K.L.:
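Below: one structure in C-alpha cells.
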Amino acid sequence: MWARISAVSTYLPERTLTSAEVEARIDGYVPRRGIVERLTGIRRRHLAEPDEQASDLAAAAARGLDHRDADLLIFASASQDMVEPATAHMVAARLGLSCPVFDVKNACNSLLNGVQVAEALIRTGAHRTVLVCTGEVPSRAVRWRVSGRAQFIEAFAGYTLSDAGAAVLVTADPGRGIFYRDFRADSTAWAIGTLPGGGSAHPRDPEHSYFRGDGRRLREAFELAGPEIFLDALKRTGLTWEDFSLVAVHQVAVPYLDALVRILGIPRDRLVVTLPEHGNCASASLPLQLHAGGAGPGDRVALLGLGGGISLGVLFADL
C-alpha cells in the first residue's frame with residue numbers, strides 16, 4: 001500500500017507588513033532604510049490577528065480539504081498554542097474531529113516530518129487517512145525593540161518570518177504516492193538559531209521569548225551539511241529535476257534560494273518562488289509552493305526541506 005499526498009490547502013492571513021513597514025516598526029536601530037528587502041528579497045509577509053492562534057491558522061487551512069474521513073490528525077509546526085496540551089487537540093476541536101491526534105515538532109521541517117510519519121503509519125496499516133497540518137505564528141517572537149547593531153543582527157532572521165497555515169491530506173492508495181524519502185541532521189549546530197523561552201531551560205523569562213539567530217553561521221552550517229542529501233536522491237532514483245512538475249524548496253531568503261538552486265542545478269521553471277510576496281512561512285513554506293503552483297493528481301513533485309537544529313529532508317511523490 002502506498003501513501004499519497006491527495007490534497008493540499010493553505011491559509012494566509014489578510015493582514016500584511018511590507019519590509020518598509022517592518023523597518024519603521026523597529027525601535028532602536030536600523031542601519032539604513034531598505035536593508036531588509038535588499039538582503040532578503042522579501043517585499044511583504046503575513047501577520048495573524050492578535051486573537052488568532054497557531055491552531056486557528058491550521059484549522060482554517062484544513063477547512064479547504066475534505067478531512068471528514070481522517071482517522072489521525074498530526075499538527076506539525078514550529079509554533080504551538082501552548083506547552084500543554086498538544087496543539088493538535090485544539091485543531092481537532094475546531095474541526096469537529098474525534099480521531100487520535102499528536103504533535104510533531106522540528107522547526108521549519110515540521111510539516112515535512114509530519115508527512116513522513118503519516119506515510120509510515122499508512123504503510124504499516126495503522127491508519128488510512130491522515131490530516132497533517134501546521135499553523136505558524138512566528139510574528140509573536142519577533143524583537144521590535146533592539147538595543148543596537150548587535151541585537152539588530154541577532155534579531156534579523158525574525159524580520160523575514162511570516163504567519164501562515166497549511167494542511168496536507170495523506171491517504172492510502174493502491175497504485176502511487178510517496179516513493180522516496182531521506183532525512184538527516186547535524187544537531188551540533190542547534191544553538192545557531194533558537195527561540196529559548198517556554199521550555200524547561202527558560203520557562204518564564206520574557207527576554208527569551210524572541211527568536212534569535214546568526215544567519216551567516218546558519219547558512220554555513222547548511223553548506224557544511226552539504227547538498228549531498230538532495231543529489232543522492234536523484235542518483236538513487238535515477239531521476240533528474242526535469243522529471244518533476246514542481247520542485248518545492250524551503251525558502252528563507254532569495255539570495256540563499258538562488259545559491260541553493262544554482263548548486264543543485266534545479267531549473268527555474270520547476271520552482272514556485274513565494275518569498276517576495278509571502279515571506280518565510282516556516283513549515284508552511286513547502287505546501288504553500290505546492291498550492292500556489294497548482295500541483296495536483298498526475299504531477300510528480302519534490303519537497304526539499306531545511307530546518308533549524310539543523311535538519312535536512314527530501315521527499316519525492318507522485319500525486
Side-chain angles (χ1 to χ4, degrees), residues 2-5 8 40-41 76 106-120 123 168 170 176-190 192-193 215-275 280-290 292-293 295 298-319:
W2 295 79
R4 182 167 67 91
I5 296 174
V8 179
T40 68
N106 189 23
C108 294
N109 266 348
S110 296
L111 192 284
L112 193 61
N113 287 128
V115 173
Q116 175 195 15
V117 172
E119 185 212 3
R123 289 176 70 93
V168 176
V170 186
R176 69 184 191 277
I178 298 167
F179 62 89
Y180 182 87
R181 82 293 301 150
D182 190 17
F183 295 87
R184 303 176 190 177
D186 176 8
S187 298
T188 63
W190 71 265
I192 296 175
R216 179 184 56 81
R217 289 181 59 207
L218 192 60
R219 176 172 176 170
E220 289 173 352
F222 280 119
E223 289 173 348
L224 285 173
E228 285 78 15
I229 183 174
F230 307 122
L231 298 176
D232 286 348
L234 296 179
K235 293 176 184 176
R236 292 170 181 172
T237 57
L239 298 172
T240 69
W241 298 123
E242 285 81 1
D243 293 315
F244 295 89
S245 303
L246 188 152
V247 180
V249 184
H250 178 57
Q251 300 177 16
V252 297
V254 169
Y256 184 73
L257 175 64
D258 289 342
L260 183 61
V261 167
R262 184 172 60 254
I263 291 169
L264 296 180
I266 302 173
R268 300 295 300 194
D269 64 358
R270 296 300 191 270
L271 299 173
V272 176
V273 181
T274 56
L275 261 174
N280 176 3
C281 295
S283 68
S285 174
L286 297 180
L288 174 61
Q289 294 169 57
L290 292 181
D299 287 330
R300 173 167 286 178
V301 300
L303 306 179
L304 280 54
L306 305 99
I310 63 171
S311 63
L312 304 96
V314 55
L315 186 147
F316 294 166
D318 289 323
L319 303 184

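Note that the structure is predicted; figures quoted are calculated from it, not measured.
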K.L.:
Closest heavy-atom contact between D299 and S245?
P.N.:
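D299 and S245 have their closest heavy atoms at OD1-OG, 3.2 Å.
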
K.L.:
If I compare all heavy atoms of A221 with all of A189, which pair ends up nearest, and what's the gap?
P.N.:
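Nearest pair, atom of A221 first, then A189: CB-CB, 4.2 Å.
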
K.L.:
Taking atom CZ of F230 and atom CG of L304, what is their separation to the nearest 0.5 Å?
P.N.:
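Those atoms lie 4.5 Å apart.
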
K.L.:
Search all heavy atoms of G177 against all heavy atoms of W2 and return the closest pair with its distance.
P.N.:
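Residues G177 and W2, closest heavy atoms: N-CE3, 3.7 Å.
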
K.L.:
Quick one: CG on N113 to CZ on F183, what's the gap to the nearest 0.5 Å?
P.N.:
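It comes to 5.0 Å.
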
K.L.:
Test of understanding: with salt bridge (Lys or Arg N to Asp or Glu O under 4.0 Å), list the residues that count as partners of R268, not counting sequence neighbours.
P.N.:
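Result, salt bridge (Lys or Arg N to Asp or Glu O under 4.0 Å) vs R268: D258.
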
K.L.:
What is the minimum heavy-atom distance between C281 and L288, and which atoms define it?
P.N.:
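C281 and L288 have their closest heavy atoms at SG-CD2, 3.8 Å.
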
K.L.:
Please step through side chain to side chain contact (heavy atoms under 4.5 Å, CB included) for the pair V261 and V247, ending with a clear verdict.
P.N.:
CA-CA 10 Å; V261 167; V247 180; over 6 Å; no

K.L.:
Do H250 and L303 make a side-chain contact, defined as non-hydrogen atoms from C-beta onward lying under 4.5 Å apart?
P.N.:
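Of all side-chain heavy-atom pairs linking L303 with H250, none is under 4.5 Å.
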
K.L.:
Would you find a donor on one side and an acceptor on the other, under 3.5 Å apart, between the side chain of Q251 and the backbone of L257?
P.N.:
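No, Q251 side chain to L257 backbone: no donor-acceptor pair under 3.5 Å.
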
K.L.:
Could you state the interatomic distance from CD (E242) to CZ (R270), rounded to the nearest 0.5 Å?
P.N.:
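It comes to 6.0 Å.
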
K.L.:
For residues 305-319, run the donor-acceptor check on the side chains, cut-off 3.5 Å, and write out each pair with its distance to 0.1 Å, sequence neighbours left out.
P.N.:
residue	atom	partner	partner atom	Å
S311	OG	N106	ND2	3.2
S311	OG	N109	ND2	3.1
D318	OD1	R300	NE	2.7
D318	OD1	R300	NH2	3.4
D318	OD2	R300	NH2	3.1

K.L.:
On a heavy-atom basis, which atom in V272 and which in G293 lie closest, and how many Å separate them?
P.N.:
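It is CG2-CA, 3.7 Å.
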
K.L.:
Looking at residues at least two apart in the chain, or sitting in another chain, which of them share a salt bridge (Lys or Arg N to Asp or Glu O under 4.0 Å) with R184?
P.N.:
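For R184, the residues satisfying salt bridge (Lys or Arg N to Asp or Glu O under 4.0 Å) (neighbours in sequence not counted) are D182, D232.
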
K.L.:
So, do W241 and L264 sit near enough that their side-chain heavy atoms are less than 4.5 Å apart?
P.N.:
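A side-chain contact under 4.5 Å exists here.
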
K.L.:
Check P287 against V168 and note the closest heavy-atom contact, atom names and distance.
P.N.:
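Looking at all heavy atoms of both residues, the shortest contact is CB-CG2, 4.2 Å.
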
K.L.:
Distance-only, no hydrogens or angles: does the Q289 side chain make a donor-acceptor pair with backbone N or O of V249 under 3.5 Å?
P.N.:
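Yes, the answer is positive, given that a donor and an acceptor are paired below the 3.5 Å cut-off.
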
K.L.:
Short question: side chain of S285, backbone of A282 - any donor-acceptor pair under 3.5 Å?
P.N.:
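Not at all, since once roles are kept as given, no pair shorter than 3.5 Å links the two residues.
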
K.L.:
Mind checking whether L286 and L111 have side chains closer than 4.5 Å, heavy atoms only?
P.N.:
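No, their side chains stay 4.5 Å or more apart.
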
K.L.:
To the nearest 0.5 Å, what is the distance between CD1 (I192) and CZ (F222)?
P.N.:
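I192 atom CD1 to F222 atom CZ measures 8.5 Å (nearest 0.5 Å).
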
K.L.:
When rounded to the nearest 0.5 angstrom, what is the spacing between OG1 in T237 and CG in D243?
P.N.:
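T237 OG1 to D243 CG: 8.0 Å, rounded to 0.5 Å.
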
K.L.:
When rounded to the nearest 0.5 angstrom, what is the spacing between OG1 in T240 and CD1 in I266?
P.N.:
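Reported to 0.5 Å precision, the distance equals 11.5 Å.
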
